[in-house]
Amino acid sequence: MKIDLHTHTFYSDGHLSPAELVMRAHQMQVDVLAITDHDTTQALAEARAYQATQKRPLQIISGIELTTRWHGFDIHILGLNFDDQHPSLASHLALQEQTRIDRAQQMCDKLAKAGIEGVFEEAMKRVGQGQITRAHIAQVLLDRGAVSSFQSAFTRYIGKDKRAYVNAKWIDIATAVEWIHAAGGVAAIAHPGSYDMKSKWLRKLLVEFSACGGDGMEVTHPNMQATKKALLAKLAVEYNLKAVVGSDFH
Ligand code: AMP
Ligand code: MN
Ligand code: MN
Ligand code: MN
């Protein structure tokens, strides 16, 4: 069985519509798919509606990638297989949406001070009905010719602690786990190998996440070396966390 529990659509920083993503999942022979957009579940209904028109079976489970703040790191928490209609969820996610908008505005204010003006308005146009992310801002900077590559938008301006970076008021990890559990889902740390933290900090993260009742962690990520994957799998066993697999497809 082919399982992908980490994907994005254009409702956050993915390039495909929900229907296009489902189409792609069929092409790739995926059997179980979770769409885990940043802080939104908007894609789910469209993905399910499209799947209902398809002959090939595909199990679509609800998903989300919640942004949290932990000791100066933005830690992403995957929520999987929850009731996306749970009454408390919409108001919780409205909070995250406001944090996203406020942070984007503040980052763009910093960019304006660096001489790059009007990025917020342009980025919001591209966002449409979805959630604004740093990827949208990076794309505007690239299209403007303000940076020479998508990557360098992060290394020069909006990456952690760079010139236009903003420490946003994200929820903490315990709150993310609480929201996911309240809606009946499973909470997992997304890409624990991608936070640029020392192994001592990673272990501290896993200890605290487990203490909050967290359920799992991702043990793979695109282009990850086999030795690193093996290390993450070992940590999952050590901390009694379920192993989660996904592509983080954008
Ligand atoms: P945000 O959730 O708004 O902070 O945006 C995070 C998203 O931006 C990630 O999910 C990636 O898709 C993208 N991103 C973050 N850091 C980088 C980076 N250094 N290079 C390329 N993309 C990045
Ligand atoms: Mn992303
Ligand atoms: Mn992520
Ligand atoms: Mn992701």
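First listed ligand is number 1; within each ligand, the first listed atom is number 1. Just so you know, residue 1 is the first one in the sequence shown, and it goes up from there. The figures that follow rest on heavy atoms only: side chains count, while hydrogens, waters and symmetry mates do not. What you see is a predicted model; the values in this text were computed from it and never measured.
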**Student:** For the aromatic rings, using the six-membered ring if either is Trp, is the centroid distance between His8 and His15 under 6.0 Å?
**Tutor:**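 Judged by ring-centre distance (under 6.0 Å), His8 and His15 do not meet the cut-off.
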
**Student:** So is there a nitrogen or oxygen of Asp74 less than 3.5 Å from a nitrogen or oxygen in ligand 1?
**Tutor:**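 Min N/O separation from ligand 1 is not below 3.5 Å for Asp74.
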
**Student:** Taking only heavy atoms of Phe150, which atoms of ligand 1 are found under 4.0 Å from at least one of them?
**Tutor:**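 Ligand 1 atoms under the 4.0 Å threshold to Phe150: 21 (C), 22 (N).
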
**Student:** Residues two or more places apart in sequence or in another chain: which of them pass salt bridge (charged side-chain N to carboxylate O under 4.0 Å, His left out) with Asp109?
**Tutor:**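 Not a single residue meets the salt bridge (charged side-chain N to carboxylate O under 4.0 Å, His left out) criterion with Asp109.
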
**Student:** Mind checking whether Thr133 has an N or O less than 3.5 Å away from an N or O of ligand 1?
**Tutor:**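 No; every N/O pair is 3.5 Å or more apart.
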
**Student:** Consider only side-chain N and O atoms of Asp37 and Thr9, and report whether a donor and an acceptor are under 3.5 Å apart.
**Tutor:**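 There is such a pair (donor and acceptor under 3.5 Å, judged by atom type) between the side chains of Asp37 and Thr9.
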
**Student:** Indicate the ring-plane relationship of His191 and His221, choosing parallel, tilted or perpendicular according to the 30° and 60° boundaries.
**Tutor:**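 His191 and His221: perpendicular rings.
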
**Student:** List in chain and number order the residues that pass side-chain contact (heavy atoms from CB on, under 4.5 Å) with Leu231, two or more places apart in sequence or in another chain; answer none if no residue qualifies.
**Tutor:**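 Expected list: Leu235.
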
**Student:** Going through the checks in order, is the side chain to side chain donor-acceptor pair (under 3.5 Å) test met by Asp84 and Thr41?
**Tutor:** CA-CA 7 Å; Asp84 71 297; Thr41 57; 5.0 Å; no

**Student:** Identify each donor-acceptor pair in which a side-chain atom of residues 122-130 lies under 3.5 Å from a protein atom, sequence neighbours left out, and give them as a table.
**Tutor:**
| residue | atom | partner | partner atom | Å |
| --- | --- | --- | --- | --- |
| Glu122 | OE1 | Arg144 | NE | 3.1 |
| Glu122 | OE1 | Arg144 | NH2 | 2.9 |
| Arg126 | NH1 | Asp143 | OD2 | 3.0 |
| Arg126 | NH2 | Asp143 | OD2 | 2.9 |

**Student:** For atom 14 (N) of ligand 1, what is the closest protein heavy atom, and at what distance to 0.1 Å?
**Tutor:**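 The closest heavy atom on the protein side is Phe154 CZ, 3.3 Å.
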
**Student:** Does either side chain, that of Asp4 or that of Ser247, offer a donor lying less than 3.5 Å from an acceptor on the other one?
**Tutor:**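 Yes.
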
**Student:** Any Lys/Arg nitrogen of Glu208 or Lys204 sitting under 4.0 Å from an Asp/Glu carboxylate oxygen of the other?
**Tutor:**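 Yes, charged N to carboxylate O under 4.0 Å.
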
**Student:** Number the atoms of ligand 1 from 1 as they appear, then name those within less than 4.0 Å of a heavy atom of His250, with their elements.
**Tutor:**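 It comes down to these atoms of ligand 1: 10 (O), 12 (O).
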
**Student:** Establish, for the pair Lys160 and Phe73, whether the NZ or CZ atom is under 6.0 angstrom from the six-membered ring centre and no further than 45 degrees off its axis.
**Tutor:**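 Pair Lys160/Phe73 counts as cation-pi.
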
**Student:** Out of curiosity, is Arg100 lining ligand 1, as in a heavy atom under 4.0 Å away?
**Tutor:**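 Right, Arg100 reaches ligand 1.
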
**Student:** Non-hydrogen atoms of Arg103 versus ligand 1: any pair closer than 4.0 Å?
**Tutor:**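 Yes, Arg103 has a heavy atom closer than 4.0 Å to ligand 1.
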
**Student:** Considering non-hydrogen atoms of the protein only, which is the closest contact for atom 5 (O) of ligand 1, and what is the distance?
**Tutor:**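 Going atom by atom, the protein heavy atom closest to atom 5 (O) of ligand 1 ends up being Arg134 N, 3.5 Å.
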
**Student:** What count do you get for protein N/O/S atoms less than 2.8 Å from the Mn ion (ligand 4)?
**Tutor:**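 Excluding waters, the total comes to 4.
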
**Student:** May I ask you to identify the nearest protein heavy atom to atom 20 (N) of ligand 1, giving residue, atom name and distance to one decimal place in Å?
**Tutor:**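 Here the closest protein heavy atom is Gln151 NE2, 2.9 Å.
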
**Student:** Report yes if some N/O of His76 lies less than 3.5 Å from some N/O of ligand 1; otherwise report no.
**Tutor:**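 No, no N or O pair falls under 3.5 Å.
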
**Student:** Among all the protein's non-hydrogen atoms, which is closest to atom 7 (C) of ligand 1, and how far away is it?
**Tutor:**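 Here the nearest protein heavy atom works out to Asp13 OD2, 3.4 Å.
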
**Student:** Which pair of heavy atoms, one from Leu44 and one from Ile61, lies closest together, and at what distance?
**Tutor:**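 Answer, listing the atom of Leu44 first, then Ile61: CD1-O, 4.1 Å.
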
